[in-house]
Protein chains: 2
Amino acid sequence: MAVQENEGYRGPQVCKIVGITYRQLDYWARTDLLRPSVSEARGSGTQRRYSYRDLLELKVIKRLLDAGVSLQSARRAIECLRGGLGEDVASANLVLDEGSSVLAHSDGELIDLLKGGQGVFNIVRLNGVVEELDAAITEFGPAPTVPDTHVEAAAGSGS
Amino acid sequence: MAVQENEGYRGPQVCKIVGITYRQLDYWARTDLLRPSVSEARGSGTQRRYSYRDLLELKVIKRLLDAGVSLQSARRAIECLRGGLGEDVASANLVLDEGSSVLAHSDGELIDLLKGGQGVFNIVRLNGVVEELDAAITEFGPAPTVPDTHVEAAAGSGS
DNA sequence: CTGGGAAGTCACACGGTCGGAATTACGCCC
DNA sequence: GGGCGTAATTCCGACCGTGTGACTTCCCAG
């Protein structure tokens, strides 16, 4: 399946869905935190195109930042999330210990993790993130303020 | 009991015990994160004097920073720790949720907390912190590189 | 008085983000 | 094809938070 030009979510759309500024999205793309996986921009006036998976990761980053975690630590968290690609991510807890990150799938596993490590942890509960993202896509993704059949088709193919 | 001039820990000594730079300690004192509770400096050449409690709080701050938490969030955490003054802090877990901080005293309490809130948490396990601090004081506090009976007395009165 | 140590001062660096403006591509219309 | 308008990216300087390093000033003990 060849990548269609309209596939994925545009930069400004992503900012609305995830709840971040364009500046942030741009900086993160430029500094390799999260680049648009569907399509990079080819210059001014062209568009970055992000996948649904990109949006999920961005949402997690946003949460971490809101909780006062530095962007550097968020970078590590995202690496872990990318490593857990095949797992049931939506029901897990992402546990960041100093220098490492793990996905915990049960309360017991979580408690065990908290007894080890260096003694300081960042925890991201993932099971509400997908729902929240889907709700935001419903609001900002398929139905922009200015009705646009063209954009609607793009949003549909992104999920 | 009047405060003795030699009471408490001197600035550079605190840096060794806690494992931070003098610049950090200075910046934190100047920006009101943690000021020396025993005695402020009265100008160049005079000394800041910190209490044992100050050192404990500094150690927690250090841990948070090492885990990638911003200083702003660490400020909130310390406020919570100050609020839990009468509690058995040494065996608790400090749980930072977005906008609030709580001390959890059992695994069950901890799990409950993780099911609420905004979904992102910073957790500091406190039960090793006191031991670690006491070990560092044994190393850097009462027995500096240059033996000094004067300083030894100060360290003794700090605990 | 002198020397050592501690705090104070100041310019700077870096990460992260912001605002404003410039540049560019693209789609549409004539 | 050319022109126009819109949207998106790029560029640039500035700001803020969090320190760092070099240097100065000051205090205190001997």
Side-chain angles (χ1 to χ4, degrees), chain A residues 4-6 8-16 18-36 38-50 58 61-62 64-66 68-76 140 144-151 153-154, chain B residues 4-6 8-16 18-36 38-50 58 61-62 64-66 68-76 78 140 144-146 148-151 153-154:
Chain A
Q4 300 299 318
E5 281 202 9
N6 308 331
Y9 299 80
R10 296 169 299 109
Q13 189 178 20
V14 168
C15 295
K16 280 195 219 154
V18 175
I20 57 178
T21 66
Y22 186 85
R23 291 275 159 280
Q24 287 178 301
L25 189 65
D26 189 38
Y27 181 76
W28 299 347
R30 289 175 184 287
T31 54
D32 296 326
L33 173 56
L34 196 147
R35 312 190 74 94
V38 173
S39 169
E40 299 259 13
R42 282 160 288 106
S44 282
T46 63
Q47 303 185 329
R48 292 182 175 114
R49 288 280 172 170
Y50 292 83
L58 285 168
I61 294 170
K62 168 77 160 63
L64 286 166
L65 293 189
D66 286 348
V69 175
S70 70
L71 201 64
Q72 289 281 22
S73 291
R75 287 179 190 265
R76 286 193 290 112
F140 297 114
T145 307
V146 180
D148 186 335
T149 315
H150 179 78
V151 176
Chain B
Q4 302 298 319
E5 280 201 12
N6 309 330
Y9 300 77
R10 295 169 302 107
Q13 188 179 24
V14 168
C15 296
K16 279 195 218 151
V18 175
I20 56 177
T21 66
Y22 185 84
R23 286 280 157 268
Q24 285 179 300
L25 189 64
D26 189 41
Y27 178 75
W28 299 346
R30 290 175 185 285
T31 55
D32 295 326
L33 172 57
L34 194 147
R35 310 191 75 95
V38 173
S39 168
E40 299 261 15
R42 283 162 286 107
S44 281
T46 62
Q47 301 187 332
R48 294 184 176 112
R49 288 280 173 173
Y50 292 84
L58 286 168
I61 293 169
K62 166 84 158 60
L64 286 167
L65 293 189
D66 286 346
V69 176
S70 69
L71 200 65
Q72 291 278 24
S73 292
R75 289 177 188 265
R76 287 193 288 111
I78 290 305
F140 297 115
T145 308
V146 182
D148 185 336
T149 315
H150 180 77
V151 176

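Note that the coordinates shown come from a computational prediction; the quantities given were computed from them, not determined experimentally. Numbered from 1 within each chain, the chains take letters A, B, ... in sequence-line order.
Summarising the geometry of A:Arg30 relative to A:Arg35, their closest heavy-atom pair is O-NH1, 4.1 Å, with the distance given to 0.1 Å. Taking both residues in full, the closest heavy atoms of B:Arg75 and B:Asp32 are given as NH1-C, 3.9 Å, listed atom of the first, atom of the second, then distance.
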* Structure fact -> Counting primed atoms, P, OP1 and OP2 as sugar-phosphate and everything else as base, the B/S/- map of nucleotides 15-24 of chain C against protein heavy atoms under 4.0 Å is SSBBBB--BB

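As judged by a 4.0 angstrom heavy-atom cut-off over every strand, B:Arg48 is placed among residues touching the sugar-phosphate backbone only.
Not counting sequence neighbours, B:Ser44 has no partner by the side chain to side chain contact (heavy atoms under 4.5 Å, CB included) test.
If you take CD of B:Gln47 and C1' of D:dT25, they are 16 Å apart, rounded to a whole angstrom. Regarding A:Leu25, its CG atom lies at a distance of 11 Å from the P atom of D:dT10, rounded to whole Å. Atom CZ in B:Arg49 sits roughly 17 Å away from atom P in D:dC27 (whole-Å rounding). The distance between atom OH of A:Tyr50 and atom C1' of D:dT9, rounded to the nearest whole Å, is 11 Å. Here D:dT6 presents its P atom at 20 Å from CD of A:Gln13, a figure rounded to the nearest Å. Taking atom CG of A:Asp26 as the reference point, atom C1' of D:dA7 lies 15 Å away to the nearest angstrom.
Two residues are said to be in side-chain contact when any heavy atoms from C-beta on lie closer than 4.5 Å; B:Ile61 and B:Gln24 fail this criterion.
To the nearest 0.5 angstrom, B:Cys15 atom SG is 11.0 Å from B:Phe140 atom CZ.
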* Derivation and outcome, side-chain contact (heavy atoms from CB on, under 4.5 Å), residues B:Arg48 and B:Leu25 -> CA-CA 10 Å; B:Arg48 294 184 176 112; B:Leu25 189 64; 5.8 Å; no

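OP1 and OP2 of D:dC26 both lie 4.0 Å or more from every side-chain N or O belonging to B:Arg42.
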